[in-house]
Structures are given as C-alpha cells and as structure tokens.
Amino acid sequence: MALIYIVEDDDNIREIEEFALMNAGHKTVGFSSAKDFHKQLSEIIPDLILLDVMLPDESGNEIAKKLRRNPSTRKVPIIMVTAKTTELDLVKGIEDGADDYIKKPFSIMELISRTKALLRRTKEDDIKELSLDELIINNDKHEVSLRDEIIELTFKEYELLSLFVKNKGIVLNRDTIMDRVWGTDYEGESRTIDMHVKTLRHKLKDYGSRIRTVRNVGYVME
C-alpha cells in the first residue's frame with residue numbers, strides 16, 4: 001500500500017481519483033489547493049503525488065519545480081494530470097519535474113496502470129552502479145554524474161537513461177521502452193518517449209548526442 005497525495009481543485013475528479021486508487025489498495029489524501037498540500041507535505045512525505053496543472057493558488061508546474069528543488073521531496077515520483085495536450089505543454093511539465101502525465105479526460109484503468117507502474121519502478125534497485133565512459137549512474141544514491149558533475153534528472157529520465165546504458169549498443173524499439181520504463185503499452189503514448197529523450201539529451205549536453213534515434217524503430221545508446 002502506498003500513500004498518494006492528490007492535488008486537484010475539481011471535487012468530482014478528485015473524488016474519482018481517490019476512489020479508484022483506494023480500491024487499488026492505496027491510501028490517499030486529497031487537496032483542493034496548493035496551500036493545504038504544502039502544509040501536509042511538511043509533516044509527511046508521500047510515496048507518489050498526483051498533481052493537477054491548473055490550481056487556484058499555484059500552478060502544478062510551479063509546485064513540481066519546488067518539489068525537485070527540495071532535497072526531501074526531489075525523488076518523490078510525480079504524475080501530472082493535465083487538460084493541456086500540446087507538445088509544448090507536456091514537455092514543460094516534464095522539464096519542471098513530472099515523471100509522467102495523464103491527459104484529461106482519462107480512464108480509471110489508465111490511472112491505476114500508470115500509478116502502479118511508477119510505484120513499482122521506484123522500488124527497483126537491482127544494480128548498485130552503472131557506468132559508460134564518463135557517465136556514472138549510482139542507484140544507491142539515485143544519482144547521475146557526468147564528468148564529476150551531478151545531473152539532476154526526473155524519475156522517468158533516470159529510468160530511461162538506466163535502460164539505455166544497460167543496453168548500450170542495442171537498438172530498443174518503442175514498445176520495449178514503453179514497457180520497461182512506463183510498465184504499460186498504452187496506445188498513442190509513443191510521443192511520451194520522444195519528449196523524455198529530448199529533455200534527457202538536453203540535460204546531458206554534448207553527451208546526449210550518444211542517444212541516437214533509429215527511424216521507425218526506437219533509440220540506441222552508442
């Protein structure tokens with residue numbers, strides 16, 4: 001059972017999310033405003049946060065950025081729930097710290113599936129350290145360093161990079177990446193992979209060019 005905070009100002013949507021996740025075996029606490037959420041967060045850190053983008057007192061993007069800057073919450077997985085579906089909006093959410101996103105309107109099965117997958121992967125820690133030349137992935141610290149400089153990544157970016165390094169030189173197709181990192185084969189979400197690769201390349205700077213696109217197939221770490 002995981003403790004999940006739901007930050008959503010629409011009472012109907014929040015109640016649906018709470019009901020679905022409670023039925024899936026989780027404990028949920030709902031908040032209609034950022035103020036109430038921050039107050040509770042100072043007392044107990046949850047296992048996962050379901051975060052609406054548009055809130056009355058503070059945007060979900062601003063909340064995500066604050067969470068990633070705070071050492072006590074920077075590793076907490078975040079699923080952003082948004083009615084904004086343009087590529088620019090989704091990329092911004094990822095860059096601000098979201099690990100995954102769900103587009104409104106969404107199905108209950110999608111919500112449960114994505115939550116389950118993200119929670120499962122936060123608990124996976126089978127290899128203590130991965131390395132590729134100047135890049136080091138330390139799973140004990142959940143930390144990535146490049147040329148002795150710490151690279152701040154979201155949870156999904158971290159998982160994606162780990163997958164690429166573990167399979168260096170092997171072309172990974174989109175279905176494999178979606179299954180291994182997101183734990184789902186949800187149709188229509190291949191763009192999710194592209195956006196995460198884009199932000200990952202940006203954060204890795206010149207090293208990011210080693211993640212090569214294989215047209216009509218997927219990606220490979222060279």
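Computed from a predicted structure; not experimentally measured.
- A chain of hydrophobic side-chain contacts below 4.5 Å, direct or via other Ile, Leu, Val, Met, Phe, Trp or Tyr residues, connects L153 to L163.
- For the pair V53/N61, a side-chain contact is recorded, criterion being any heavy-atom separation below 4.5 Å from C-beta on.
- Between the side chain of N167 and the backbone N or O of I170 there is no donor-acceptor pair closer than 3.5 Å.
- Between F31 and F37, the ring planes are perpendicular. Angles over 60° get that label, and only those under 30° would be called parallel.
- Taking the charged nitrogens against the carboxylate oxygens, E222 and R212 do have a contact shorter than 4.0 Å, which makes a salt bridge.
- Both I211 and M178 are members of a single hydrophobic cluster when ILVMFWY side chains are connected at heavy-atom separations under 4.5 Å.
- Using a distance-only test at 3.5 Å, with no hydrogens or angles considered, a donor-acceptor pair links the side chain of E157 to the main chain of T154.
- At a threshold of 4.5 Å between non-hydrogen side-chain atoms, the residues L55 and D52 count as touching.
- Side chains of S72 and N70: a donor-acceptor N/O pair is present below 3.5 angstrom, by distance only.
- A distance-only check finds a donor-acceptor pair linking the side chain of H196 to the backbone of T192 [under 3.5 Å].
- Under the 4.0 Å criterion applied to side-chain N and carboxylate O atoms, E152 and R74 are assigned as salt-bridge partners.
- In this structure, E95 does not pair ionically with K198, as no charged nitrogen and carboxylate oxygen lie closer than 4.0 Å.
- No path of Ile, Leu, Val, Met, Phe, Trp and Tyr side chains, each step under 4.5 Å between heavy atoms, connects M221 with I136, placing them in separate hydrophobic clusters.
- Using modelled atom types, one side-chain atom of D47 and one backbone atom of L3 make a donor-acceptor pair closer than 3.5 Å.
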Trace of the side-chain contact (heavy atoms from CB on, under 4.5 Å) decision for F19 with I108 | CA-CA 10 Å; F19 181 76; I108 296 301; over 6 Å; no
Checking side-chain contact (heavy atoms from CB on, under 4.5 Å) for the pair L161/V144: CA distance, chi angles, key distance, verdict?
-> CA-CA 9 Å; L161 181 60; V144 173; 3.9 Å; yes
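- With D99 contributing its side chain and K156 its backbone, the two residues share a donor-acceptor pair below 3.5 Å.
- With hydrogens and angles left out, the side-chain atoms of Q40 and Y5 include a donor and acceptor closer than 3.5 Å.
- Around CG of D133, the count of heavy atoms belonging to other residues, nucleotides or ligands within 6.0 Å exceeds 12.
- Salt-bridge check for D96 with R68: failed, with every basic side-chain N at 4.0 Å or more from each acidic carboxylate O.
- S162 places a side-chain N or O within donor-acceptor distance of the main-chain N or O of Y158, the cut-off being under 3.5 Å.
- Between V197 and Y219, some side-chain heavy-atom pair lies under the 4.5 Å cut-off.
- Between I137 and E129, the closest side-chain pair of non-hydrogen atoms is not below 4.5 Å.
- Of the possible donor and acceptor atoms, none in the side chain of E8 sits under 3.5 Å from a partner among the backbone N and O of I13.
- Side-chain contact check for I150 versus S145: some heavy-atom pair is nearer than 4.5 Å.
- Atom NE2 of H26 is separated from atom CG of L48 by 8.5 Å, given to the nearest 0.5 angstrom.
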Can L50 and L21 be said to form a side-chain contact (heavy atoms from CB on, under 4.5 Å), step by step?
-> CA-CA 11 Å; L50 202 62; L21 293 173; 4.2 Å; yes
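- Under the 4.5 Å side-chain heavy-atom criterion for Ile, Leu, Val, Met, Phe, Trp and Tyr, V217 and V220 are members of the same hydrophobic cluster.
- Between R114 and D100 there is a salt bridge, with a side-chain nitrogen of the basic residue lying less than 4.0 Å from a carboxylate oxygen of the acidic one.
- Under 4.0 Å is where a charged nitrogen must lie from a carboxylate oxygen, and between R14 and D11 at least one such pair does.
- Residue I193 holds its CD1 atom at 8.0 Å from CG of L160, rounded to the nearest 0.5 Å.
- For NZ of K75, the number of neighbouring non-hydrogen atoms (other residues, nucleotides, ligands) closer than 6.0 Å is greater than 12.
- Side chain of T176 to main chain of L172: no donor-acceptor pair is present (N/O by atom type, distance under 3.5 Å, no hydrogens or angles).
- For the pair E58 and K66, the salt-bridge criterion is met [side-chain N within less than 4.0 Å of a carboxylate O].
- A distance-only check finds no donor-acceptor pair linking the side chain of T73 to the backbone of V76 [under 3.5 Å].
- For N173 (side chain) and G218 (main-chain N/O), no donor-acceptor pair under 3.5 Å exists by modelled atom type.
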Start with the C-alpha distance between E17 and T28, add both sets of side-chain angles, then the distance that settles side-chain contact (heavy atoms from CB on, under 4.5 Å), and finish with yes or no.
-> CA-CA 9 Å; E17 292 170 339; T28 66; over 6 Å; no
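- When side chains are defined from C-beta on, I49 does not count as touching I79, because their heavy atoms never get closer than 4.5 Å.
- With hydrophobic clusters built from ILVMFWY side chains whose heavy atoms lie under 4.5 angstrom apart, M54 shares a cluster with I78.
- Ionic pairing of R201 and D206 is not present here: no N-O contact between side-chain nitrogen and carboxylate oxygen is shorter than 4.0 angstrom.
- Of the charged side-chain nitrogens involved, at least one lies within less than 4.0 Å of a carboxylate oxygen, so that K65 and E62 count as a salt-bridged pair.
- Considering every non-hydrogen atom in both L51 and G60, the closest pair reads CD2-O, 3.2 Å.
- Looking only at side-chain heavy atoms (C-beta outward), E18 and K27 stay at 4.5 Å or farther from each other.
- For CG of N216, the number of neighbouring non-hydrogen atoms (other residues, nucleotides, ligands) closer than 6.0 Å is 12 at most.
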